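So the structure is just underneath, and the comments pick up after that.
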Protein chains: 2
Amino acid sequence: MDKKAYEMTRLQALCSEKGPLCIGLDTDPSYIPPEILRLHDSPAQAVLAYNRALISETARHAACFKVQIAYYEAMGIEGLSVYSETLKTVRSAGIPVIADIKRGDIADTAKAYARAHFSGDFEADIITLNPYMGFDTLAPFLEFVGQTGKGIFVLLKTSNPGMKDIEWLRLDPEHSREVRVLDVVGSGIENISGRFGQYLAKDCSPVGVVVGCTDEEEAEAIRSRYPNLFFLIPGYGSQGGVARIAALLLGRAGGTVNSSRGILCAWQKDPSLSLKMTSNSLTLDDIVESAARAAFNSKAELTGAKKTLAGG
Amino acid sequence: MDKKAYEMTRLQALCSEKGPLCIGLDTDPSYIPPEILRLHDSPAQAVLAYNRALISETARHAACFKVQIAYYEAMGIEGLSVYSETLKTVRSAGIPVIADIKRGDIADTAKAYARAHFSGDFEADIITLNPYMGFDTLAPFLEFVGQTGKGIFVLLKTSNPGMKDIEWLRLDPEHSREVRVLDVVGSGIENISGRFGQYLAKDCSPVGVVVGCTDEEEAEAIRSRYPNLFFLIPGYGSQGGVARIAALLLGRAGGTVNSSRGILCAWQKDPSLSLKMTSNSLTLDDIVESAARAAFNSKAELTGAKKTLAGG
């Protein structure tokens, strides 16, 4: 295995140092006030301006940023240029960028996806993957991970209600040592994680999992089942996950807790902006300041919840 | 429900009329001889030239084309422009284009993916989806399907060895009427399919499934379990699936059988080109003619296998 430092190790260190907040740049043009949109050549350019200002003003509160590619694909080719610029802006700010792409396909296709998102225009530091088609679909990404230090987060337990449909199904006790579908994913990922050497001593495995923060009891169970895996934790903030549950999921190995709309759309609930909102005179500075305050508060809330948990 | 004709109905009719062949445009630059690549400004432009010539020369043998987006993402922003042009070229040729994107995400994100791939630069007629995160993740796509006549193919049983890891897991008989994970997906999709009215009389449901052709016994079982679902059948040709198995999967409801590399790379095994291959003097016309012959042969093989099956 190459001695190149893993991006995931860097992310783990940043989470310890700065707190576990991951800011999600799921920047839909509808999250930007019309009076600001109007000042740009296109909705995509407004998104880029918002992202750039946001990264500059909130990077000090965040361990990393996560960019949800769907919102950029929805803006077509121009949107993907903005996606590319957004990834570059985060990387220039010196913190890791997670590309939330949730790809998963047969090996030859997965090779193409790995090239697409670990190099070139869309180079990210860490990406998310969907394990449904089986563990062989992860292999081309793992090859990159070993060679370049990139990282992957594999979907384990998502934060949407439909999680019960497939991930949560109970398995036949005669045919499986695992209780549920997601346990098979988890055990598989633990095995794969272990291939990347003695990361537990000081390095963090470059292979982590996505675990939504939606229920306290399940959060404790899943953290104690996978004590050594680093988690990407969505569902905090606008999706209803609370700081205490996120803190439970962090555990010893740690994780990064994503908030997207709670920060991007903070201006919509900012009482100090109500007059400007009524008169449609918000500026980019206004909404970025709201977002930065929300990022600071989220960071403080998560750090506080972690301390309370450690103290209790 | 809107009375707009479904793209899937059109595809089903084309399959009956022209045979079930779907040509896969998984056009990696490595599938093009270096002497042809060299004539273009970039690998992406060579891919576009090959795709355009191929569509023009093979459209008469195909019911549809399937474009695997991963190969275009791997070429960055320019690659996605070529992807967009490829989709437009197929649609201009008057036959449906399937975007093989295998997306799957929480509802808000799925809405963005639906906009991305059912409208704008990346508008396709039918797309593939990954059901792992649950049935709620399909809802935004179904809304589009109802309103615009677009179609979806949901992954049911894929053709890679890793299919055994998750899709093929046996469920707890005490908690599920379904035997395996993929049966839960199949039953769910059958229910969803049924919402789109009396399609069985003459229309084809706009909601189909992906079923790889890898094993004769399983092919018969899965076709008899879902007699009314239209199938997208990958794995024929270079992945090892044979025409007889594909024909078994077609059944009464039908399906479309994809071949990608078997057609795109036909020139590599074309004895009539061996001299030109040795002297590195292949032309675009040469490789397109090989591909067109391979498409004709695949179509004939599939139609023959279907007739043999019906006769026996």
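In the text below, chain A, chain B and the rest are named by the order of the sequence lines, each starting its count at 1. This is a predicted model, so every value here is computed, not measured.
Shortest non-hydrogen contact noted between A:Asp165 and B:Val184 is O-CG1, 3.7 Å. In this structure, A:Tyr113 and B:Ile69 approach most closely via the heavy-atom pair OH-CG2, 3.3 Å. Listed here is the closest heavy atom pair of A:Val185 and B:Tyr132: CG2-OH, 3.3 Å. Across all non-hydrogen atoms, the minimal contact from A:Gly162 to B:Asp136 is N-OD2, 2.9 Å. The shortest heavy-atom contact between A:Ala112 and B:Ala74 is O-CB, 3.4 Å.
Side chain of A:Asn160 to backbone of B:Met133: a donor-acceptor contact under 3.5 angstrom is found.
Note on B:Asp28 versus A:Arg115: salt bridge recorded, some NZ/NE/NH1/NH2 to OD/OE distance being below 4.0 Å.
Per-residue counts of heavy-atom pairs under 4.5 Å with chain B were compared for A:Ala110, A:Gly120, A:Pro173; the largest is that of A:Pro173. Annotation: maximal heavy-atom pairing with chain A below 4.5 Å, among B:Lys111, B:His117, B:Met75, occurs at B:His117. For the options A:Asp26, A:Thr158, A:Val181, heavy-atom pairs under 4.5 Å to chain B are most numerous at A:Thr158. Heavy-atom pairs under 4.5 Å with chain B were tallied for A:Arg103, A:Lys102, A:Glu78; the largest tally goes to A:Arg103. With respect to chain B, the highest number of heavy-atom pairs below 4.5 Å among A:Tyr72, A:Tyr83, A:Phe135 belongs to A:Phe135.
Proximity to chain A is absent for every atom of B:Arg180, based on heavy atoms less than 4.5 angstrom apart. With a threshold of 4.5 angstrom between heavy atoms, B:Thr109 approaches chain A through its backbone and through its side chain. Contacts between B:Ser81 and chain A at a heavy-atom distance below 4.5 Å involve backbone atoms as well as side-chain atoms. Of the two parts of B:Leu138, neither the backbone nor the side chain holds a non-hydrogen atom closer than 4.5 Å to a non-hydrogen atom of chain A.
Under the rule for a side-chain hydrogen bond (donor to acceptor under 3.5 Å, both in side chains), A:Ser298 has no partner lying at least two apart in sequence or in another chain. By the salt bridge (Lys or Arg N to Asp or Glu O under 4.0 Å) test, A:Lys66 pairs with A:Asp100, sequence neighbours left out. Residues forming a ring pair (Phe, Tyr, Trp, His ring centres under 6.0 Å) with B:Phe144 (at least two apart in sequence, or on another chain): B:Phe118.
Residues of residues 121-129 of chain A lying under 4.5 angstrom from chain B, judged on non-hydrogen atoms, are A:Asp121, A:Phe122 in numerical order.
Distance check, rounded to the nearest 0.5 Å: CG of A:Asn130 to CD1 of B:Ile166 gives 9.5 Å. The CG atom of A:Asp172 lies 12.0 Å from the NE2 atom of B:His175; values are rounded to the nearest 0.5 Å. In this structure, OH in B:Tyr71 is found 4.5 Å from CG in A:Asp108, a value given to the nearest 0.5 Å. Note that OG1 of B:Thr137 is 13.0 Å distant from CE of A:Met163, once rounded to the nearest 0.5 Å. A distance of 6.5 Å separates OG in B:Ser176 from CG in A:Leu169, rounded to the nearest 0.5 Å. Considering CD of A:Gln68 and CD1 of B:Ile106, their distance stands at 7.5 Å, rounded to 0.5 Å.
Atom NZ of A:Lys269 is surrounded by 12 or fewer heavy atoms from other residues, nucleotides or ligands within 6.0 Å.
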